[in-house]
Number of protein chains: 2
Amino acid sequence: MRDPLPSYPGYALRRAANATAAELASRLGQVGLRQSDVSVLILVAENPGITASAVGRALDIQRANMVPLLKRIEDAGLIAREPIDGKSRGLDLTETGRERLAQGRRVVEAFEAELIERVPVEHRAHLLPALEALWR
Amino acid sequence: MRDPLPSYPGYALRRAANATAAELASRLGQVGLRQSDVSVLILVAENPGITASAVGRALDIQRANMVPLLKRIEDAGLIAREPIDGKSRGLDLTETGRERLAQGRRVVEAFEAELIERVPVEHRAHLLPALEALWR
DNA sequence: CACGATTGCTATAGCTGATAACGAAGTCAG
DNA sequence: CTGACTTCGTTATCAGCTATAGCAATCGTG
């Protein structure tokens, strides 16, 4: 069957992203986390007291979409929110959150390492810079 | 703000894919097409009489999800379906479909060319092979 | 012929992302 | 200080894509 699509970089990019995202999601699901959860938890861990808005800006998640996301991980006991001033609330990891993040990190880091290994050596160093050029 | 995420290839991959997909979707929207439409139309153009199942397999779209997709582009007058045997139907482009695909192709090809140009020369040749290694 | 596989389809559900609108609270210029 | 503008968190809603389960009809093969 003739299929010219794989020779388009943009198409290959989407397919590769879908394939890897699905695999990571499945692995993270086994520790009860989603990709977005881990991203948020990492940002909160690195920036204690950060606001929901700032997390959203860093991850390109709209404010409105942060609401259910944060509610879920708060309900799961992973983060705590406490007022900074009248309108902002700072996010921090709970003890449970730290433990779950540690689990999530192990999954993510193992996965990232596998990803890199899948790329032939001669291309490896070029992947990240090329992707960053497309994204930023 | 500390943000270690961009140094993960998997994360950069997802961000790059999201960013480029959003941009392409917006451009294709201006000619009334979606990415999936164009993918299907290209496959049908290259393989006249192909079945919905075969298209789905090539694009990794489940049979069930092909139904509304094909219905939409059929209702738009872009493809025609005619029985091959009792259970299969072959897909073909209509004249309108060929014209719209030509428009879509121009958009896609211009976009792909821009994508490649965004990547610094020294990394360009490595992008597609690296992505294919991740995907397949 | 009979059985397993395939095709196309319905129905349904979940996740992600986007938009619009709101009240409350902060910020800043004059 | 005050008024204008911005920011924060939130509700509500919608579109798109993907996934699963099940079904009837048909096909291909032993």
Side-chain angles (χ1 to χ4, degrees), chain A residues 1 11 13-15 17-29 32-40 44 49-76 79-91 135, chain B residues 1 11 13-29 32-40 44 49-76 79-91:
Chain A
M1 200 191 86
Y11 180 82
L13 179 61
R14 264 166 277 141
R15 293 295 299 262
N18 286 347
T20 58
E23 193 172 338
L24 178 57
S26 146
R27 295 199 199 178
L28 281 175
L33 290 169
R34 299 185 194 169
Q35 294 164 228
S36 48
D37 297 344
V38 178
S39 304
V40 169
V44 173
I50 193 174
T51 64
S53 300
V55 171
R57 273 189 298 273
L59 300 179
D60 257 319
I61 299 176
Q62 317 249 338
R63 278 200 316 285
N65 296 328
M66 290 295 296
V67 177
L69 198 172
L70 288 178
K71 178 171 181 352
R72 200 162 35 72
I73 60 183
E74 185 182 31
D75 288 350
I79 59 166
R81 299 193 253 196
E82 55 181 311
I84 292 179
D85 58 26
K87 74 172 175 184
S88 299
R89 293 194 282 166
L91 306 178
W135 159 27
Chain B
M1 201 191 87
Y11 180 81
L13 179 60
R14 263 166 278 142
R15 293 295 298 262
N18 286 348
T20 59
E23 193 172 338
L24 178 57
S26 145
R27 296 200 199 177
L28 282 175
L33 290 169
R34 299 185 194 169
Q35 294 164 231
S36 48
D37 295 345
V38 178
S39 305
V40 169
V44 174
I50 193 174
T51 64
S53 300
V55 172
R57 273 190 297 272
L59 299 179
D60 258 319
I61 300 175
Q62 317 249 336
R63 277 198 319 281
N65 296 328
M66 290 295 296
V67 177
L69 198 170
L70 289 177
K71 178 173 182 349
R72 199 164 34 74
I73 59 183
E74 184 182 31
D75 288 350
I79 58 167
R81 300 194 253 197
E82 54 181 311
I84 292 179
D85 58 28
K87 74 173 176 184
S88 299
R89 293 196 281 166
L91 307 177

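Order of the sequence lines sets the chain letters (A, B, ...), proteins ahead of strands, with each chain counted from 1.
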TODO: Summarise protein proximity over nucleotides 11-18 of chain D in one line of letters, 5' to 3': B for base, S for sugar-phosphate only, - for none, counting protein heavy atoms closer than 4.0 Å.
DONE: BB---SSB
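The side-chain hydrogen bond (donor to acceptor under 3.5 Å, both in side chains) test applied to Glu74(B) returns Arg81(B), not counting sequence neighbours. Applying the side-chain hydrogen bond (donor to acceptor under 3.5 Å, both in side chains) criterion to Lys71(A), with sequence neighbours excluded, gives Asp75(A). Residues forming a side-chain hydrogen bond (donor to acceptor under 3.5 Å, both in side chains) with Asp60(B) (at least two apart in sequence, or on another chain): Arg15(A).
Residue contacts for Arg14(A): at a heavy-atom cut-off of 4.0 Å it reaches no nucleic acid atom on any strand shown.
Taking atom CG on Leu70(B) and atom C1' on dT10(C), their separation rounds to 15 Å, with Å as the unit. Following rounding to the nearest Å, Met66(B) (CE) and dT6(C) (P) show an atom-to-atom distance of 17 Å. Leu69(B) places its CG atom 16 Å from the C1' atom of dT10(C), with the value rounded to the nearest Å.
Taking all atoms of both residues into account, the shortest heavy-atom contact from Ala52(B) to Leu70(B) is CB-CD1, 3.4 Å. Minimum heavy-atom separation, Arg89(A) to Pro83(A): CG-CA, 4.0 Å. When all heavy atoms are compared, the tightest approach of Trp135(A) to Ala16(B) is CB-CA, 3.9 Å. Here the closest heavy-atom approach between residue Met66(B) and residue Gly56(B) is recorded as SD-CA, 3.9 Å.
Contacts with DNA chain C (heavy atom under 4.0 Å) in residues 80-91 of chain A: Asp85(A), Gly86(A), Lys87(A), listed by number.
Each of Ala22(B) and Arg57(B) has a nearest nucleotide on DNA chain C; the 5'-most of these lies closest to Arg57(B).
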TODO: Begin from the C-alpha positions of Leu69(B) and Arg34(B) and carry the test side chain to side chain contact (heavy atoms under 4.5 Å, CB included) through to its verdict.
DONE: CA-CA 10 Å; Leu69(B) 198 170; Arg34(B) 299 185 194 169; over 6 Å; no
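Counting only heavy atoms from C-beta outward, the side chains of Pro68(B) and Arg72(B) never approach each other to under 4.5 Å.
Not one N or O on the side chain of Ser26(A) forms a donor-acceptor pair closer than 3.5 Å with the backbone of Ala22(A).
End-to-end axis angle for the helix from dC1(C)-dG30(D) to dG30(C)-dC1(D), using five pairs per end and rounding to 10°, comes out at 30°.
Atoms CD and CG, on Gln35(B) and Leu24(B) in that order, are 4.5 Å from each other to the nearest 0.5 Å.
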